2 protein chains.
Amino acid sequence: MSLKSKYNPTESELEILQLLWKNGPSTVRFINEKQNEVKAVGYTTTLKIMQIMAEKGTLDVNKESRQHIYTPALDEDETKGKLLDGFLKKTFSGSAMKMVMQALGNHKPSKEELDEIKNLIKEIENKSKK
Amino acid sequence: MSLKSKYNPTESELEILQLLWKNGPSTVRFINEKQNEVKAVGYTTTLKIMQIMAEKGTLDVNKESRQHIYTPALDEDETKGKLLDGFLKKTFSGSAMKMVMQALGNHKPSKEELDEIKNLIKEIENKSKK
DNA sequence: TTTAAAATACGAAATTAATCGTAGAAAAAT
DNA sequence: ATTTTTCTACGATTAATTTCGTATTTTAAA
């Protein structure tokens with residue numbers, strides 16, 4: 001695992017990645033329609049960005065049929081992890097704890113969510129204890 | 001508290017805000033020197049950005065003396081909270097839980113940090129129970 | 001077969017952010 | 001008093017991203 005891997009999906013690249021992770025390999029048309037459920041985005045805009053992402057290697061393209069099918073080339077969890085790290089550095093001086101605090105403080109988690117966290121904590125504790 | 005307040009400090013604006021929150025009201029010179037402990041940034045670059053921030057209302061300026069003194073106009077916790085929300089939406093579909101999971105999973109918190117979280121959880125539980 | 005619809009390719013304009021150079025004013029040093 | 005240093009003001013440039021128009025190709029419909 002490289003120490004210096006630079007993932008910088010831009011804002012709209014991330015938007016597209018999210019849709020692909022959620023819906024699986026898709027055409028430009030499909031992604032563009034999804035985007036337009038939220039806000040107006042021209043078809044060629046979506047196309048262009050997806051092409052750029054393919055150039056960068058962020059997406060894989062299958063060009064067998066005319067409607068090219070795009071697949072995210074990046075692992076979802078790994079990518080989100082790196083984005084989180086970056087955000088953490090910029091905003092919380094790298095302290096995950098500070099951020100978790102802020103998140104929990106802000107967000108008033110439900111009982112179920114709290115339980116979920118507690119379970120996770122137990123898991124982590126057990127793992128390190130073993 | 002408005003529902004639609006738009007905070008978008010850019011990358012370098014956030015960098016400056018962080019320094020101001022940490023060090024208190026400061027001159028451009030001071031902030032620029034702090035930045036240069038980490039990377040080369042021209043003085044006028046820092047100046048320009050801080051002036052823009054002042055225009056936007058992100059910073060307050062005291063111009064009484066020649067060396068203007070800049071103060072963050074935004075509350076640190078509130079701003080970080082909003083940034084977190086934005087990041088959450090973009091990256092974790094708004095789910096604080098997913099993100100906390102990712103953070104805890106990634107980051108392997110120390111025993112002390114875990115305790116800290118557990119305390120916070122207790123606090124939250126008590127608060128909502130009463 | 002001709003026309004219409006739906007794709008991609010490509011380039012260029014529009015936006016936004018970041019960087020810096022230069023000028024001029026004010027203060028400090030000599 | 002003169003020079004040098006230290007500021008701010010301001011504009012211009014660069015760079016990255018986003019957006020979209022137009023041309024061309026391919027497929028589908030009439």
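Convention: sequence-line order gives letters A, B, ...; per-chain numbering from 1. Predicted model only: the values in this text are computed from it and were never measured.
Ionic pairing of Asp115(B) and Lys111(B) is present here: one or more N-O contacts between side-chain nitrogen and carboxylate oxygen are shorter than 4.0 angstrom. By the 4.0 Å N-to-carboxylate-O rule, Glu15(A) lies close enough to Lys39(A) to be salt-bridged with it.
Met53(A) has its CE atom 18 Å from the P atom of dA16(D), to the nearest Å. What separates CD1 of Ile49(B) from P of dC20(C) is a distance of 10 Å, to the nearest Å. The distance between atom CG of Asn8(A) and atom P of dA15(D), rounded to the nearest whole Å, is 18 Å. With rounding to whole Å, Glu55(B) atom CD is found 11 Å from dA9(D) atom C1'. The distance between atom CG of Leu14(B) and atom C1' of dA18(C), rounded to the nearest whole Å, is 15 Å. Regarding Ile52(B), its CD1 atom lies at a distance of 17 Å from the P atom of dT15(C), rounded to whole Å. Residue His68(A) contributes atom NE2, which lies 14 Å from atom P of dT25(D) at whole-angstrom precision. For the pair Glu13(A) CD and dA16(D) P, the computed distance is 13 Å after rounding to whole Å.
When side chains are defined from C-beta on, Ile16(B) does not count as touching Pro72(B), because their heavy atoms never get closer than 4.5 Å.
Although no hydrogens or angles enter the test, the distance criterion places no donor-acceptor pair under 3.5 Å between the side chain of Glu55(B) and the main chain of Ile52(B). Side chain of Gln18(A) to backbone of Thr91(B): a donor-acceptor contact under 3.5 angstrom is found.
Contact between the side-chain N/O atoms of Thr27(A) and the OP1/OP2 oxygens of dA7(C) is not found at any separation under 4.0 Å. The shortest distance between the side-chain N/O atoms of Thr45(A) and the OP1/OP2 oxygens of dT18(D) is not below 4.0 Å. Taking only side-chain nitrogens and oxygens, Tyr43(A) never comes nearer than 4.0 Å to OP1 or OP2 of dT19(D). A sub-4.0 Å separation between OP1 or OP2 of dA9(C) and a side-chain N or O of Gln51(A) is present.
Comparing Arg29(B) and Lys48(B), the nucleotide of DNA chain D nearest to each residue sits closer to the 5' end for Arg29(B). Looking at which nucleotide of DNA chain D each of Ser12(A) and Arg66(A) is closest to, the 5′-most match is held by Ser12(A).
At a threshold of 4.0 angstrom between heavy atoms, the contacts of Thr10(B) are confined to the sugar-phosphate backbone, with no base atom among them. Among the protein residues, Glu11(A) comes within range of the sugar-phosphate backbone only, with heavy atoms under 4.0 Å from sugar or phosphate atoms but none that close to a base. Counting any heavy atom pair closer than 4.0 Å across all strands shown, Thr44(A) reaches a base atom.
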